[in-house]
Amino acid sequence: MTQAAIERQPVRAALGAFVGTMIEWYDFYIYGTAAALVFGDVFFASTDPVMGVLASLGTFAIGFVARPFGALLFGHFGDKVGRKKSLIITLLLMGIATVLIGLLPGFHSIGLTAAVLLVLLRLVQGIAVGGEWGGAVLIAAEHAPPRWRTFLASAPQYGSPVGLILATLAFRTVSDLPQEDFLSWGWRVPFLLSGVLIIFAFIIRAGINESPELLERLKEKSVQSVIPAKEIFRTKKLTLVLGMGLCLLGVAGFYFITTLMMTFTTTSLGVNRSDMLELISWVGVVELFAFPAGSYIATRYGERFLLVAMAGAALLFAIPMMMLIVSANLTNIYIAILGATVFLAAHYAVMAPFLTRAFPVHLRYTGISLCSSLSGAIFSGVTPVIGVWLVHKYGVQWAPLSFLFIFIAGASFVSSLLLPVDDAVPDEAAVPAPVAAQGGV
């Protein structure tokens, strides 16, 4: 490999990480949309339409449950063999499963077998996603020069808003078809398009070198015999718990301001569903601006400073946010949700590079994957359910939902303060500003 190619590795690694997570979120969002709109009719034919929708949404939740298994499997493989090999496998598994869903015959063609195959493919998706995020973050972070580590390690986080935007565009295009065409073949198009994205991502990832930091550490005999998951649960239990807490604002907080608020505003406040869908699409746009802003501040003043500040801001904003939302005024709702998005997105961007420093390199893939996937499996689906229960029990009031968001933000605030990290990468403002450093990349 030429010197020029070696110098391009940090950017290529960050691009490969971004493209993979973009596809992950694209697949995630198109599945969630299809589960709500068509899977009940296509795969779960029932005399009760509500039961069909509930069954299809149940398959959506299965993906969250499968993620920790993917974190354990691919985390172990990525820590013992290599990040690159693990990421190529997760990419192919995720893409093949998504394309096969787009080709799957419906209930009226093969009966209950259609639903069984859908569940199995969703399990494969969940397992692949559980191993994708941690490896993507690490392949970007471990190739990055120190002064660019915060920026480049946050590259996978951009996959969420870009995937959301692409998924929205894909479904908006096919949703204009006649209902019969949409149900028979239109909904399949977004799934099949994933195959094109997979080919593009595979080409990029195939050209990435293995993590030099990992290769150096694997030469040590003391590391070769270590089982990463066992070692983490033996020596890093507190780090694992605090890591889950760190992820909570970006995971549960996101579903609070999107899924829960979509349900609460449309069913309890009478807000028009199309207005809320428009608002949710703006969440992705705000994220695209908040991510680099958060990374820049963290580069200048320290990652921990940014994380504590954003979690603290979200904590203080909880009560005003819900007061604005319960007013049922659309402008107030926009201010509340987009304002919260700024804090969540900035925190989420910097969470990735910060979390990589909480685990030694030979445990890192397993460690950060478990933090993210366990936080998602436990809290992602539960947060909207708890919120709906609170509204049912206490009615339309700002206080109960505020306290739920305070718990989410408070857990991330405490974890941002206490999570122990390796300070070999400067955490304070000793790093030059990225604008001045552009000539060195």
Side-chain angles (χ1 to χ4, degrees), residues 25 28-30 32-37 53 57 160-176 249-291 293-294 310 313-348 380-381 383-409:
W25 284 106
F28 180 87
Y29 289 127
I30 62 172
T33 304
L37 296 179
V53 172
L57 290 176
S160 176
V162 175
L164 172 62
I165 292 168
L166 289 178
T168 302
L169 289 174
F171 260 97
R172 279 185 177 177
T173 301
V174 296
S175 64
D176 291 334
L249 186 61
V251 174
F254 179 80
Y255 290 101
F256 183 100
I257 66 171
T258 55
T259 306
L260 176 56
M261 288 301 101
M262 170 71 78
T263 303
F264 175 62
T265 55
T266 56
T267 60
S268 299
L269 301 180
V271 179
N272 187 278
R273 184 174 296 273
S274 62
D275 289 334
M276 286 304 298
L277 285 170
E278 184 73 20
L279 170 54
I280 298 304
S281 68
W282 278 102
V283 167
V285 176
V286 171
E287 285 182 318
L288 287 177
F289 288 95
F291 284 166
M310 292 300 99
L315 186 65
L316 295 174
F317 191 58
I319 291 176
M321 175 181 71
M322 287 312 307
M323 284 182 166
L324 287 168
I325 290 173
V326 298
S327 71
N329 178 278
L330 189 60
T331 300
N332 288 345
I333 296 172
Y334 261 77
I335 293 170
I337 290 181
L338 296 183
T341 299
V342 172
F343 307 136
L344 268 64
H347 187 279
Y348 185 67
S380 289
T383 294
V385 173
I386 292 175
V388 171
W389 177 81
L390 287 172
V391 174
H392 175 74
K393 184 173 179 61
Y394 298 104
V396 179
Q397 300 183 44
W398 59 264
L401 293 177
S402 294
F403 293 144
L404 175 59
F405 193 77
I406 285 170
F407 167 79
I408 293 169

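Every value quoted in this text rests on a predicted model; they were computed, and no experiment measured them.
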inquiry  = Does any part of the side chain of Phe254, heavy atoms only, come nearer than 4.5 Å to the side chain of Val283, both counted from C-beta?
reply    = yes
task = Report the distance from atom CG of Leu324 to atom CD1 of Ile333, rounding to the nearest 0.5 Å.
result = 9.0 Å
query = Does the pair Ile337 and Met276 meet the rule for a side-chain contact (heavy atoms from CB on, under 4.5 Å), with working shown?
reply = CA-CA 10 Å; Ile337 290 181; Met276 286 304 298; 4.1 Å; yes
query = Looking at CD1 of Ile257 and OH of Tyr255, how far apart are the two atoms once the value is rounded to the nearest 0.5 Å?
reply = 11.5 Å
note = Smallest heavy-atom separation, Gly294 atom then Ala346 atom, equals CA-CB, 4.0 Å
task = Report the relative orientation of the aromatic rings in Phe343 and Phe317; use parallel for angles under 30°, tilted for 30 to 60°, perpendicular for over 60°.
result = perpendicular
task = State which residues pass side chain to side chain donor-acceptor pair (under 3.5 Å) with Asn329; sequence neighbours excluded, sorted by chain then number.
result = none
query = What's the verdict on side-chain contact (heavy atoms from CB on, under 4.5 Å) for Ile165 and Leu288, showing C-alpha distance, side-chain angles and the deciding distance?
reply = CA-CA 11 Å; Ile165 292 168; Leu288 287 177; 3.9 Å; yes
4.5 Å side-chain heavy-atom contact, Tyr348 and Leu344 = no
ask   = How long is the gap from CG on Leu279 to OG1 on Thr258, to the nearest 0.5 Å?
value = 10.0 Å
message = If I compare all heavy atoms of Val271 with all of Ala328, which pair ends up nearest, and what's the gap?
response = CG2-O, 4.4 Å
task = Please assess Asn332 against Met323 for the test side-chain contact (heavy atoms from CB on, under 4.5 Å), listing each intermediate value before the final yes or no.
result = CA-CA 9 Å; Asn332 288 345; Met323 284 182 166; over 6 Å; no
query = Does Ile325 reach the side chain of Trp398, with side-chain heavy atoms less than 4.5 Å apart?
reply = no
query = Is there side-chain contact between Glu278 and Tyr334, with heavy atoms separated by less than 4.5 Å?
reply = yes
task = Decide yes or no for Gln397 and Val326: does some side-chain heavy atom of the first lie under 4.5 Å from some side-chain heavy atom of the second?
result = no
message = Can you confirm whether Phe264 sits close enough to Val391 that some side-chain heavy atom of one is under 4.5 Å from a side-chain heavy atom of the other?
response = yes
inquiry  = For Phe256 and Phe405, take the angle between the two ring planes, folded into 0 to 90°, and tell me which bin it lands in: parallel under 30, tilted 30 to 60, perpendicular over 60.
reply    = tilted
message = For the CE atom of Met321 and the CD1 atom of Ile406, what is their distance to the nearest 0.5 Å?
response = 9.0 Å
task = First locate atom CG of Leu249, then atom NE2 of His347, and finally report the distance between them rounded to the nearest 0.5 Å.
result = 5.5 Å
message = So for atom CZ, which belongs to Phe407, do other residues, nucleotides or ligands contribute more than 12 heavy atoms lying within a distance under 6.0 Å?
response = no
inquiry  = Could you measure the distance from the CD1 atom of Ile408 to the CD1 atom of Ile386? Nearest 0.5 Å is fine.
reply    = 8.0 Å
message = So Pro161 and Phe291, do their side chains get closer than 4.5 Å, heavy atoms only?
response = yes
